[in-house]
Amino acid sequence: MALTRRQFLTLMGGSAGAAVLFQACGLPEQELLIDSPPAMPEDLVSGIDNWYATTNQQGGSSEGIVVRVMEGRAKKVEGNPNHPLNLGGHSALSEAALQGLYHPDRISAPQVRTGPRGSGEYREISWEDAIARLSLRLGELDSSNENNKAVFVSNPTGGHSGLVLEKFTDSLGSRHLSYEALETNVLRTALKAVFGTDSIPEFDIDNADLVLSFGADFLSSWVSPTRYARGYGEFRQGNEHRGRLIHVDSRFSMTAANADQWVHVNPGTEGLLAMSIMQVLSSSHSNAVFGDLDADGVLDSYSPANVANEVGVSVDTINQIAEDFSHSEHPIALGGGSAGAHTNGTQNLKAIYSLNHVASNLGKKGGVLLNPRSPIDGVGAAPPSNSFSEFHRLAEEMKAGNISVLMVKDADLYYGMTDTVDMKVALDSVPLIVSFGGMMDDTTSVADLILPQHHFLEDWGTDVPLAGPGYQMIGFQQPVVRPFFEHRGSNLGTKGFADILMATAQVMGKDLGLDGETFKEVIKNDAERLYELDRGGIVANSFEGFWNGVLQRGGWWDTSYKIDNVPEVNRLDGVASPEFGGLEQEFYIQPFISTLGDGSAASLPWLQAMPDAISTATWQTWVEINHKVAEKKGISEGDVLEIRPANGRTIKALAMPNPAVPPDTIGIPIGQGHRDGGRYSAGRGANILSVLDSKLDSENGSLAWAATRANVTTTGEWIRVPKFENTVPEFPRDEHQDIIQITSGDNH
Amino acid sequence: MIPGDFQPQKPTGTQLAKLGVLGVVLLGVFIGIVLVLTFVISSWLGRPVIFGHDGPDQPIEFPHETHVEELGMDCTFCHRTVEKEAAASVPAAGLCMTCHSAVGDDLEGITKMRSLYEDGRSIHWVRVHRVPDHVHFVHEAHIRYFSEKDGVEAKDVCATCHGDVASMDKVQQNRDLKMGDCVSCHKQNNAPTDCVTCHY
Amino acid sequence: MVDSNKWGMVVDIDRCTGCQGCVVACQSENNIPINLEEHFNQRRAIQWIRIERYWEGEYPDVKARFIPIMCQHCGSAPCEPVCPVYATYHNNEGLNVQVYNRCIGTRFCANGCPYHVRFFNFWEPEWPESLKNQLNPDVTVRSRGIMEKCSFCVQRIQRSTRESERDNEVLEDGDRGLNPACVNACASNSLIFGNFNDPDSTVSKMKEDAMQEGGRGYRLMENLGTDTNVIYLRKVDEFVVEAPHG
């Protein structure tokens with residue numbers, strides 16, 4: 001280390017001896033070395049940075065990104081300005097992917113468990129050995145015709161990875177289940193019923209003049225927040241008239257904070273409100289759509305007077321929203337998040353999305369645009385995930401000893417399933433758990449065999465977005481850096497997920513029927529089919545030129561390939577009232593996604609240290625509680641609270657009172673409380689998902705994750721809440737020099 | 001007490017105070033000298049360059065003389081990015097192999113280079129010219145300026161700072177490349193002397 | 001193209017959603033040390049750009065306001081004259097520059113800054129060995145005892161101006177290589193960066209539009225006369241119900 005002036009002064013100040021002083025002089029050896037590697041690729045030159053396009057599919061939403069690579073190391077992620085989904089912007093999750101790539105706790109080679117389950121004692125083995133072990137067990141099941149005793153649980157995987165996974169499980173005859181901690185099933189069921197589409201449509205927020213959102217925290221975490229935030233910017237100041245955002249939510253979310261009007265409703269009554277708005281519109285305006293929509297006359301019983309009390313808003317407010325909605329030229333209604341996380345979730349969302357038929361905004365500018373199918377047959381968006389009740393059944397099967405091999409990829413069942421399912425006992429009953437995790441997580445920490453997959457920045461892939469841009473597209477993912485553990489040799493280190501499956505199938509002598517020997521070849525061969533379509537934005541004389549174009553742009557899209565026909569109007573059903581676990585408990589629990597997604601991003605320190613938008617809290621699990629309620633109960637910030645639902649399970653979290661929390665509600669962020677997951681997340685905070693009641697959606701068996709009520713008691717402990725607020729003094733907000741100036745009209 | 005016996009007078013309070021002050025001043029001066037000396041020495045040793053001796057030993061004795069003077073190769077043939085980028089860059093061994101797969105068979109350095117290349121290992125050259133981390137030196141801008149100003153090719157600019165590397169057996173630093181050196185040259189050439197030109 | 005540049009930013013808080021994307025982008029670009037839990041607890045976390053959240057009212061009539069705040073690159077900066085070693089000064093491109101190798105850590109500048117955008121390195125920055133691969137080679141890692149702050153990503157300004165000179169190209173307004181990391185990250189386009197000396201640049205036009213009578217433009221704490229290079233555009237809210245309070 002070179003002795004700087006500062007260090008020098010410090011040393012003298014501390015009257016350290018000259019020996020120390022002179023030892024510190026001179027330069028460290030590594031600073032004096034320049035590497036001259038045996039060979040360097042054309043584009044790898046010291047001092048030059050290159051930006052490579054790829055696609056980030058982590059956390060459920062797809063984003064086109066470009067990665068700055070210098071001397072073989074990824075330095076910076078930015079949004080891909082060409083990519084239809086985010087047009088240049090990017091989320092913190094994409095940025096922090098770099099920390100996933102260079103995470104100090106990544107698994108650098110296949111592992112086999114040596115100690116008891118959960119002890120974390122593993123031994124490194126070679127890839128050859130690891131794949132042999134897996135294929136041996138799968139082969140045994142195959143030869144005894146017990147293929148259904150092997151189960152593959154993954155995150156919802158689309159694109160070519162999904163294709164390989166599907167072929168793999170098909171060829172084995174094993175089952176494949178897709179797991180999401182917070183399912184999008186309710187949303188997908190509702191969209192299917194209302195618009196007849198399997199994908200999530202594009203909401204043209206850019207050109208809308210009114211967005212009526214129910215429970216969907218679309219600016220922070222819902223579906224595709226980066227894209228919606230981009231649209232939101234244009235919606236506010238990009239058009240001649242500033243758009244209005246009305247947000248209906250039982251929690252004061254980030255989207256609520258940005259709304260012109262936050263309409264607080266009782267949890268789970270969003271659908272009732274939507275029905276009531278339609279009732280007002282059908283009775284006061286002549287709109288032909290109601291002839292089809294309300295053919296059964298169900299709306300009559302949802303007049304504002306009938307539902308206002310249950311919803312918890314005034315009749316006037318309902319009328320006002322209905323008025324605003326009908327007077328807007330380009331209104332959009334969207335819903336999700338907690339509005340769909342109740343026992344009546346699907347019904348809620350069906351009612352909410354039906355408002356778009358009332359506005360007849362389908363296929364129109366500033367409205368709802370349906371997404372066409374994937375340009376490559378057989379390669380589609382991620383399939384719907386399996387519901388909570390299906391996983392509950394799977395857990396029972398495990399406990400009964402009916403599952404012999406459980407393969408897990410990016411699906412943290414042990415973390416995400418509520419404790420009422422008792423996943424620990426279930427997992428303990430499975431003789432062989434194989435994880436493809438590149439990092440430890442709760443489920444991987446009990447695995448017997450770990451086959452670490454590449455980080456997505458090291459791997460190939462494609463992405464057919466579930467929430468497409470309204471026209472046909474497929475995103476491409478390419479390795480932007482050499483695998484980080486390449487130096488460990490080809491028999492150690494990490495491998496691409498699809499390549500692991502293909503290698504396993506090969507060892508087992510199964511033909512997956514894929515067009516190519518490696519995953520890259522499979523993708524490239526399918527890209528040739530894209531080239532033969534001879535449309536889209538990439539014009540090339542040869543396939544190689546086309547292929548380079550696709551990789552340079554991060555994907556292929558055809559802006560003219562849209563869906564023109566408008567779907568038929570659905571028929572409205574009634575919306576039931578929500579049911580809750582433990583009605584005698586004092587508070588509704590509102591779990592919400594803050595900065596860590598569903599918990600899968602908790603290992604990344606940038607995201608842990610990123611302040612929550614509303615509370616500015618970091619690194620912890622906190623409880624949003626109304627400041628007056630807190631005062632009455634003698635709770636102040638940092639008090640350790642115990643959250644006690646009626647099911648008897650409890651967690652502890654730090655009190656964080658704020659003035660916007662509804663008095664009967666507590667909000668708790670999802671994402672902490674990992675048993676394992678690297679140095680930045682293991683044992684930190686508490687996992688709210690673990691204490692939820694297993695209340696289900698009445699129509700599709702999804703977990704109603706906002707349907708738990710709980711009591712809150714103090715424990716007498718106090719821990720300082722790590723938050724950004726007060727790191728710097730607050731600014732004065734006096735009349736003349738207000739730091740945030742507000743104008744009542746848009747006089748720009 | 002014996003009368004007449006020598007008794008040192010008890011120092012008065014003022015005397016004690018004066019003595020104290022003197023002591024403190026002397027101690028201060030001493031510490032000051034040590035400080036200044038150490039500062040000077042450390043800044044000399046911690047300076048950005050290795051200076052005043054022959055230059056470091058390299059893992060492979062690369063004779064610039066042979067390549068540049070005798071064979072007439074350009075600096076830019078190996079230091080390929082010097083005209084385009086911040087770093088001049090040291091080439092991959094693959095570039096050496098374009099010739100040395102065929103020539104120079106019995107030389108020790110070449111045998112070593114070949115074996116490293118075949119094993120896929122890097123050559124760890126020892127850096128000769130180095131500026132501290134908080135200095136961002138850009139070769140490209142300097143080459144561009146001087147070659148335009150003097151109307152010469154890029155290869156003829158290098159010697160301005162690096163000396164006559166072509167005739168060096170072992171590369172050594174020729175200028176002290178400290179901030180004073182940079183700034184005086186910048187002033188002579190009307191180049192920006194804004195701190196943020198180099199420090200960010 | 002104009003002779004000299006004056007870099008500046010326009011921040012439209014009506015577009016800002018408070019998503020903190022800019023904050024993480026800045027951490028990544030500028031080698032800002034990882035803010036650990038204890039750093040937040042000691043109120044010593046470092047964020048060159050931050051989102052402040054202010055409450056107005058209380059449930060059910062409640063609003064939360066977000067505003068991104070970074071170094072305002074003041075034309076007459078209170079931090080500059082107090083530095084005893086000239087480690088912070090104003091350059092002729094409108095940037096308030098922090099020279100790390102001059103700084104001796106008196107923290108006078110942080111006391112002087114009314115916007116509280118200067119952060120002190122109380123510790124030697126630490127990263128696990130593997131995470132160091134991500135560090136940006138264009139930005140100096142600051143050691144303990146140094147003041148740091150937003151530089152408008154001066155490394156990008158330097159790189160892109162140099163590259164445009166090299167290639168004999170005109171540096172375009174809104175060039176993504178020139179934009180600071182936060183500006184490129186911002187999904188809602190709340191942050192616009194450019195050259196105020198170029199009358200055709202987006203920021204110049206926005207500034208002219210915003211600062212005229214009835215426009216949305218304002219400067220933070222304009223009464224201090226700091227002459228900032230960051231222009232804010234007012235939040236629009238037709239439902240302002242009460243006087244805001246802290």
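Below, chain A is the first sequence line, B the second, and so on; all start at residue 1.
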Check each atom of A/R684 against the heavy atoms of chain C and say whether the ones under 4.5 Å are side chain, backbone, both or neither.
side chain

Pick from C/S28, C/C22, C/C16, C/A210 with the largest number of heavy-atom pairs that fall under 4.5 Å of chain A:
C/S28

Counting only non-hydrogen atoms closer than 4.5 Å, does A/E95 touch chain C with its backbone (N, CA, C, O), its side chain (CB onward), both, or neither?
side chain

Please state whether the side chain, the backbone, both or neither of A/A256 comes within less than 4.5 Å of a heavy atom of chain C.
neither

What part of A/Y232 gets within 4.5 angstrom of chain C, counting heavy atoms only: side chain, backbone, both, or neither?
side chain

Using non-hydrogen atoms only, which part of A/T595 is less than 4.5 Å away from chain C: side chain, backbone, both, or neither?
neither

Heavy-atom distance under 4.5 Å to chain C: side chain of A/N86, backbone, both or neither?
neither

Contacting moiety of A/T618, where chain C heavy atoms sit under 4.5 Å
side chain

Counting only heavy atoms closer than 4.5 Å, note whether C/L131 contacts chain A via side chain, backbone, both or neither.
both

Residue A/A660 versus chain C: region with a heavy atom under 4.5 Å
both

Heavy atoms under 4.5 Å from chain A: which residues of residues 115-123 of chain C carry them?
C/Y115, C/H116, C/F119

Assert top hit (heavy-atom pairs under 4.5 Å, partner chain A, pool C/A25, C/G21, C/P60) equals C/A25

Are side-chain N/O atoms of C/T226 and C/T228 paired as donor and acceptor at under 3.5 Å?
no

Honestly, the part of A/L87 sitting under 4.5 Å from a heavy atom of chain C is neither

For A/F235, which atoms come within 4.5 Å of any heavy atom of chain C: side chain, backbone, both, or neither?
neither

Using heavy-atom distances under 4.5 Å, tell me whether A/R68 contacts chain C through its side chain, its backbone, both, or neither.
side chain

For A/V263, which atoms come within 4.5 Å of any heavy atom of chain C: side chain, backbone, both, or neither?
neither

A/H627 versus chain C, heavy atoms under 4.5 Å apart: side chain, backbone, both or neither?
side chain

